[in-house]
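Throughout, numbering of the chain's residues begins at 1 and tracks the sequence. In this text, all values refer to a predicted model and were calculated from it rather than measured experimentally.
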Amino acid sequence: MRLNRLCSIIESILFIEGESISLSDIVKAVREIEGEEKIDKNIVREALLLLEKRYFEEESGLSLLITKDTVRLATHPENHLYVELMTVKQKKRSLTQSVLETLSIIAYRQPVTKLEVEDIRGVKSDYPIRILLEYGLIEEAGRLDRIGKPILYRTTSEFLTQFGLKDIKDMPKFSSFEEQTQNISMFESTAAQEDEQGTEV
């Protein structure tokens, strides 16, 4: 197999993977599809170095994070401010109605368990809570001292920053907060059934 072809394959795999992948997994994938038994980690590493060189010479916005056994596709370090700006905007756009509703309940009832949130909403809330945890808007606040030891959730300092609050005591009336979160979502929710599909938190 030509090295340029292998570079193309690896680049596609890294793009789809979105996180670190072992060189062994890349070797297995190429062997399975191409039937190239001669492909090994040394050849994959050679292709990665060529790909890395191309990114450098072309002043690409992409880079490779290569370790002894893994590799990951990443953005160029010099572009981190632009990436950070767009990431924040994307997070705000991706707050669906179900996520905003869950955030409102946690903000005004904290600390609160997932079950208590679900009792109020009337639907499963695994997905919204997972998203809020990923975005750093809520965090675990210990466990309730009862059977099952359910996790308690509360808002974070990031939550205060996003909503322009100095302290949780500065929270507006619930109706005003709901209106504010509507402005953050910036799109019509298309995830009416997402609550039913989330993984367990």
Legend entry - Pairs touching residues 58-67 that satisfy salt bridge (charged side-chain N to carboxylate O under 4.0 Å, His left out), sequence neighbours left out: none
Inset, instruction - Determine which pairs satisfy salt bridge (charged side-chain N to carboxylate O under 4.0 Å, His left out) with at least one residue from residues 14-25, sequence neighbours left out, and list them in order. - result: none
Under a single-linkage definition using a 4.5 Å side-chain heavy-atom cutoff for Ile, Leu, Val, Met, Phe, Trp and Tyr, are [X] and [Y] assigned to the same hydrophobic cluster?
| X | Y | result |
| --- | --- | --- |
| Ile10 | Leu65 | no |
| Leu49 | Ile39 | no |
| Ile16 | Ile9 | yes |
| Leu14 | Met1 | yes |
| Ile168 | Val117 | yes |

For the student: nearest non-hydrogen atoms of [X] and [Y], plus distance:
| X | Y | result |
| --- | --- | --- |
| Thr155 | Ala107 | CG2-CA, 3.8 Å |
| Leu160 | Asp167 | CD2-C, 3.9 Å |
| Arg143 | Lys149 | NH1-O, 2.7 Å |

Inset, instruction - Kindly compute the distance separating CG (Leu48) from CD (Glu46), expressed to the nearest 0.5 Å. - result: 10.0 Å
Inset, instruction - Nearest 0.5 Å please: distance from the CD1 atom of Ile21 over to the CZ atom of Arg72. - result: 12.0 Å
Do the side chains of [Y] and [X] get nearer than 4.5 Å, heavy atoms only?
| X | Y | result |
| --- | --- | --- |
| Tyr127 | Val99 | yes |
| Leu6 | Leu50 | no |
| Leu23 | Asp69 | no |
| Ile120 | Arg109 | yes |
| Glu118 | Ile105 | no |
| Leu137 | Ile106 | no |
| Lys28 | Glu32 | no |
| Glu11 | Leu51 | yes |

With no hydrogens and no angle check, do the side chains of [X] and [Y] hold a donor and an acceptor under 3.5 Å apart?
| X | Y | result |
| --- | --- | --- |
| Glu116 | Tyr153 | no |
| Glu52 | Ser63 | no |
| Thr96 | Ser98 | yes |

Inset, instruction - Check the pair Ile13, Phe15 against side-chain contact (heavy atoms from CB on, under 4.5 Å), reporting the backbone distance first and the verdict last. - result: CA-CA 5 Å; Ile13 291 174; Phe15 179 80; over 6 Å; no
Legend entry - side-chain contact (heavy atoms from CB on, under 4.5 Å) between Phe159 and Gln110, intermediate numbers included: CA-CA 13 Å; Phe159 167 82; Gln110 60 184 308; 5.5 Å; no
Inset, instruction - Kindly indicate, with the supporting measurements, whether the criterion side-chain contact (heavy atoms from CB on, under 4.5 Å) is fulfilled by Thr102 and Arg121. - result: CA-CA 8 Å; Thr102 301; Arg121 297 188 64 228; 3.5 Å; yes
Legend entry - Nonpolar side-chain network containing Leu152, other nodes, edges under 4.5 Å: Leu144
Legend entry - Presence of salt bridge, Asp126 and Arg130, under 4.0 angstrom: no
Legend entry - Thr70 side-chain N/O to Ile66 backbone N/O, donor-acceptor pair under 3.5 Å: no
